[in-house]
Engineer: 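Here it is, the structure in full.
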Amino acid sequence: MTLVLLVAAWLAGVLLGLYIDADLLPLLLLLLAALPLGLLLRIVGRSAWPAVLVGIALLALLRVEATDTPPAPLVTRDGQVVTLRGRIVSDPEATARKAKFVLAVAAIDRGDGWQPLRSDRSGSLVYADPPASLVSTWEAPYFRYGDNLLLRGVLREPEPFGGFDYPAYLANQDIHGILWSRQAELVSREGGIRWRGWMFELRGRLAASLEDALPPSESALAEALLLGVRGRLPPEVVVDFRNTGTSHLLAISGLNVAILLVPAVAAAGWWLGRRRQIYLLLPLASIWFYALVSGLSVSVARAAIMGSVYLAALAVGRPRSVLPALALSAAVMAAIDPGALRQVSLQLSFTAVAGIALAMPLQARIREAVTRSSGVSGAWWQQWSRFLASWVLIALVVSAAATLATLPLVAFNFHQIPLFGIFATMLALPMLPFMLLGSLLAAVGGLIAPSLGQFFGWLAWPPLSYLLGLVSLTPETTVSGAWAGPPLVWAWYLLLAGVLILPGGVSYLKGLSSRLAVRSLGALQPSSVTLSLLGLFLILTVAAILLWVQVFSGPDGKLHVYFFDVGQGDSILIVTPTGRQVLVDGGPEAESATRALAGPLSPWDRSLDMVVLT
């Protein structure tokens, strides 16, 4: 708990610095006074911890005040036509007919000459039409990380939407304007950090491999889950995830890193042996390589830091806990960028992990009860029934803990609470490892050979389709969150912090967990007859589904003609009585055609026998 207390003092100082304006000289004097205060406490026989914690908080406050220099305003008049000069600092994405990227603005011309800006604090989100020279020589999205551009267009201020403070979200990333540009000039392609450009290039190749191995909707979901690329997700899918309270499943977080870390540690131990701790360097390199390829967003960097702390604890043989890793990652993120604590996504991620950490005693007691009950003599179905019951309970505990921990923040920031999000999360979490590992194999296999990627794509397709179907079928029922004000939010999280930090809090949770685990497992023991009938029912159901799917996926001897709305123009799919599939036109975008074909084409035959362009 020592590390947790130090981080709590640091975060308190950072939060205080974000909301007050203090002079540097008084802060330095108070910081210097903390040293004699600690010595005085030691002389009188008291603990010096109060002085240490106050000094840490003052140091954090000094860190915020020393670097809190507001950037020069980018937007002085909404809807103004401007010219920007700068460098692309993100991985560009193709959206409809434009390319989307973040531009670090080095200079701006509002019609009265060039005005230089500090590029690391003056960013613009750009939607640009690529020039003909790039369209004829490069594939979408045409632009690349590190490109130096000259852009002319309409500069607008970000606006809130749907109760979401979009301007604050972008400002936390040093983005202070949105440029819609129809005139883009490539100045040079020599900017940016070279190794980061290589990472983005590999990311693009992995995304293309997923697009070749999976149908459009499933490949878009795989790109979001594995690589953090969310630009190809259909709008209706994004709305479904948001309205059902399952958007957090799309964000790359600690769970993604944990799913990669577990097999990496096992493989390194098998290959190099566990006698020397050098084998831990391989999983350490793996998680940071994955973090770089997936874009190194705030959530990914936080998860990689937590994974690194876990490996360090494993190397020195210290007891491993989620809280020290979470605390250290919070301190590192706040030290690098104090303003990151204002990001709602960061707050939700940290509180969700803290809630799961609070519920860990209950999860441990459930596992212990299952181990004890499985060790006694009994039929195989009794042991499996106990294991199934524990799995259901643990999934429910994890979902409930994360939901309850983030409930005040969700209500306060979004003013509404999805009622069925906890149940959808509980049903989705067990499939997430299969989605990530299947998508990873399909992406890497596609780089080796397209047929290998398609083979692994078949393995990844069922869990990805399951998640899409689950989210689309979850009721979008919400309740108002207007009751959640700042006093309630602070009271809720101070209470959680007290349970974690104060003596006796964790012990009480362990005692309560033992009683709940025993009672819950005892209530969920099915009888032998019930389990046998359930197993027979599941086997027959799966067999019947596979049989009828195979029957209906074959040709039925009839002519089928499908007309699609693909924007500007028409698209027609003709399926002949013998099962031949002919596509007539595809619309202005290939993405719109493939998305439309995902419905009528059979999952067992996604090939086209002929394409006719009129």
Side-chain angles (χ1 to χ4, degrees), residues 93-100 125 127 140-141 159-164 166 169 207 210-211 213-252 345 348 410 414-425 427-429 431-432 435-436 439 457 460-479 562-573 583 585-603 606:
E93 298 180 17
T95 60
R97 299 188 176 185
K98 292 184 177 291
K100 173 186 174 182
L125 183 62
Y127 294 87
E159 298 180 357
F161 62 88
F164 177 61
Y166 191 50
Y169 169 76
L210 286 173
E211 294 173 21
L214 289 163
S217 297
E218 284 77 7
S219 65
L221 179 59
E223 290 177 28
L225 293 173
L226 182 67
L227 304 174
V229 179
R230 302 174 64 173
R232 291 186 59 249
L233 280 173
E236 60 274 12
V237 173
V238 176
V239 172
D240 286 341
F241 273 95
R242 184 187 304 123
N243 293 343
T244 56
T246 53
S247 296
H248 58 280
L249 296 175
L250 296 175
I252 297 180
S345 60
L348 290 174
V410 172
F414 303 102
H415 311 296
Q416 61 181 11
I417 303 171
L419 288 181
F420 293 95
I422 180 173
F423 302 105
T425 301
L427 294 174
L429 281 179
M431 290 292 106
L432 193 57
M435 300 179 209
L436 291 173
S439 300
W461 174 75
L464 292 169
S465 300
Y466 165 80
L467 180 57
L468 291 173
L470 174 66
V471 172
S472 64
L473 294 176
T474 301
E476 299 178 1
T477 306
T478 59
V479 295
Y562 302 89
F563 297 89
F564 304 125
D565 180 9
V566 290
Q568 299 178 359
D570 298 324
S571 181
I572 304 171
L573 174 67
L583 178 67
D585 293 334
E589 299 289 337
E591 190 72 20
S592 58
T594 54
R595 197 171 289 167
L597 289 171
L601 286 184
S602 167
R606 310 194 71 87

Engineer: Which residues pass the side-chain contact (heavy atoms from CB on, under 4.5 Å) test with Ala213, sequence neighbours left out?
Structural biologist: Ala442
Engineer: So, taking the atom named CG in Leu583 and the one named OH in Tyr562, what distance separates them when rounded to the nearest 0.5 Å?
Structural biologist: 13.5 Å
Engineer: Are any of the side-chain heavy atoms of Leu221 and Val237 separated by less than 4.5 Å?
Structural biologist: no
Engineer: Who are the side-chain contact (heavy atoms from CB on, under 4.5 Å) partners of Val229, not counting sequence neighbours?
Structural biologist: Arg203, Glu223, Leu227
Engineer: Kindly write out the residues that satisfy side-chain contact (heavy atoms from CB on, under 4.5 Å) with Phe563, not counting sequence neighbours, or none if the list is empty.
Structural biologist: Val561, Ile572
Engineer: How far apart are the closest heavy atoms of Leu250 and Leu225, and which atoms are they?
Structural biologist: CA-CD2, 4.1 Å
Engineer: Restricting to non-hydrogen atoms, name the atom on Phe564 and the atom on Pro600 that form the minimum distance, rounded to 0.1 Å.
Structural biologist: CZ-CG, 3.6 Å
Engineer: With sequence neighbours excluded, what pairs up with Ser465 under the side chain to side chain donor-acceptor pair (under 3.5 Å) test?
Structural biologist: Glu218, Trp461
Engineer: Please report the shortest heavy-atom distance between Ala99 and Pro141, naming the atom on each side.
Structural biologist: CB-O, 3.6 Å
Engineer: Among all residues two or more places apart in sequence or in another chain, which pass the side-chain contact (heavy atoms from CB on, under 4.5 Å) test with Ser219?
Structural biologist: Glu211, Leu214, Arg232
Engineer: How close do Ser439 and Ala460 get, heavy atom to heavy atom, and via which atoms?
Structural biologist: N-CB, 3.8 Å
Engineer: To the nearest 0.5 Å, what is the distance between CG (Leu464) and CG (Leu210)?
Structural biologist: 9.0 Å
